Amino acid sequence: MISAQAWADAQRLWEFQQMSHELRPCSVAIGLGSHDLGVADVAADLYHRGMMPLIVFTGATSRTTRDRMPRGEAEHYRERAMELGVPADAILVEPQARNTGENIRFSRALLEERRVPVSSVLLISKPYEERRSYATARKLWPQVEWLCASTPMALAEYVDSIGDARLVIDMLVGAQQRLMVYPQQGFMIEQSIPEEVAVAYERLRDGGFTSRLVPDTAERK
């Protein structure tokens, strides 16, 4: 049973992760690989709205996706986007990345190899990882402008789509933890974290929502 306090804290983390960027046409979109095919759906929708002429889908497989996406996350995204009407020549696939940093670095290398001029990027992720993805991208490729997009949905809707409330809250806690510890490790830009967000994170962490924490800090109090 998840308490009302835990739900309220999860909602606070969910809202903090949303960047609420006003979208406009960009040079390219980068869709970050994961278990969530909604990333490909958002990319296809934005393509049809004229927000970018080219999409890079990036991602190998992980323990979460190796059974559901045996051909690799980026390849399954490509197939989904094509089902939704995106032409094959508007999609590039980067099939090697296994974390967000590699997603950005490898996508940049692929675009440079193809001589695609890039001044702005639509960064498409899962809803609860907008801010984490943005902080990573700004650190690794600061020369371009980054705008974030994800499936527009409420936390309750997302939980229903995944079917596992505890897992979703664990993932929110893990995303928040990385915003707090990765800047010191050089993986992200530093961002101001409101006190109420930090307190919500600490309550959830101390309440046992720890499966997606960085291992060496999972028990830190």
Side-chain angles (χ1 to χ4, degrees), residues 1-19 32-36 38-39 58-69 73 96-106 123-140 148 150-151 153-221:
M1 179 72 69
I2 296 173
S3 70
Q5 182 65 67
W7 278 116
D9 289 337
Q11 180 66 36
R12 195 172 293 278
L13 297 190
W14 177 268
E15 292 172 358
F16 183 63
Q17 280 290 338
Q18 309 295 305
M19 298 297 293
L32 302 180
S34 73
H35 64 273
D36 189 348
V39 171
T58 167
T61 57
S62 68
R63 58 188 174 89
T64 307
T65 62
R66 61 191 173 204
D67 293 330
R68 294 181 57 198
M69 300 180 181
E73 296 156 4
Q96 302 299 324
R98 295 186 179 277
N99 56 56
T100 308
E102 290 184 353
N103 288 142
I104 303 303
R105 293 199 307 272
F106 295 174
L123 186 62
I124 306 172
S125 68
K126 300 186 291 296
Y128 64 85
E129 287 197 337
E130 280 195 22
R131 188 175 293 274
R132 173 189 171 188
S133 302
Y134 175 80
T136 303
R138 283 280 310 280
K139 178 69 176 183
L140 297 177
C148 293
S150 63
T151 305
M153 63 196 316
L155 173 58
E157 292 179 275
Y158 193 77
V159 168
D160 287 345
S161 74
I162 299 300
D164 187 336
R166 176 165 287 275
L167 174 61
V168 171
I169 298 177
D170 280 353
M171 292 189 293
L172 276 166
V173 172
Q176 181 62 40
Q177 182 212 28
R178 285 157 178 77
L179 285 175
M180 300 167 76
V181 302
Y182 276 3
Q184 290 73 39
Q185 299 177 27
F187 299 151
M188 295 179 179
I189 62 167
E190 188 83 41
Q191 295 186 87
S192 176
I193 297 174
E195 181 180 358
E196 61 271 20
V197 172
V199 169
Y201 159 75
E202 289 168 1
R203 267 197 299 257
L204 290 169
R205 179 201 61 193
D206 294 347
F209 294 94
T210 58
S211 74
R212 294 305 174 104
L213 293 183
V214 175
D216 65 353
T217 61
E219 300 304 322
R220 185 180 297 168
K221 303 298 184 190

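Numbers here simply count residues along the sequence, with the first being 1. In this text, all values refer to a predicted model and were calculated from it rather than measured experimentally.
Side chain of Gln96 to backbone of Ala60: no donor-acceptor contact under 3.5 angstrom is found. At least one donor-acceptor pair under 3.5 Å links the side chain of Arg98 to the backbone N or O of Thr61. Proximity of a side-chain donor or acceptor of Glu157 to a complementary backbone N or O of Ala154 within less than 3.5 Å is detected. Judged by distance alone, the side chain of Arg12 and the main-chain N or O of Ala8 form no donor-acceptor pair under 3.5 Å. A donor-acceptor distance shorter than 3.5 angstrom exists from the side chain of Gln177 to the backbone of Val214, with no hydrogens or angles considered. Side chain of Ser3 to main chain of Ala6: a donor-acceptor pair is present (N/O by atom type, distance under 3.5 Å, no hydrogens or angles).
Taking 4.5 Å as the limit, some side-chain heavy atom of Val168 sits within range of a side-chain heavy atom of Leu155. Residues Leu213 and Val173 form a side-chain contact, since some pair of their non-hydrogen atoms from C-beta on lies under 4.5 Å apart. At a threshold of 4.5 Å between non-hydrogen side-chain atoms, the residues Arg212 and Leu172 do not count as touching. Counting only heavy atoms from C-beta outward, the side chains of Ile104 and Leu123 approach each other to under 4.5 Å. Between Pro127 and Asp36 the shortest side-chain heavy-atom distance falls below 4.5 Å.
Taking the six-membered ring where tryptophan is involved, the planes of Tyr182 and Phe187 are perpendicular, since the angle between them exceeds 60° and thus also 30°. Between Tyr128 and Tyr158, the angle of the ring planes goes over 60°, which puts this pair in the perpendicular group of the 30/60° scheme.
Minimum interatomic distance between Trp14 and Gln18 (heavy atoms only, all atoms of both residues): O-CG, 3.3 Å. Leu204 approaches Ala10 most closely through the heavy-atom pair CD1-N, 3.8 Å.
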List the atom pairs, with distances to 0.1 Å, where a side-chain N or O of residues 189-198 and a protein N or O form a donor-acceptor pair under 3.5 Å, not counting sequence neighbours.
from, atom 1, to, atom 2, distance (Å)
Glu190, OE1, Gln184, NE2, 3.2
Gln191, OE1, Arg131, NH1, 3.0

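Under the rule for a side chain to side chain contact (heavy atoms under 4.5 Å, CB included), the partners of Thr58 that lie at least two apart in sequence or sit in another chain are Ile30, Leu32, Glu94, Ala97, Asn103, Ser107.
Atom OG1 of Thr100 is separated from atom CZ of Arg105 by 10.5 Å, given to the nearest 0.5 angstrom. One distance of note links CD of Glu129 with SG of Cys148; it measures 11.5 Å at 0.5 Å rounding.
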Go through the steps to decide whether Leu179 and Phe16 satisfy the test side-chain contact (heavy atoms from CB on, under 4.5 Å), and finish with yes or no. CA-CA 11 Å; Leu179 285 175; Phe16 183 63; 4.0 Å; yes
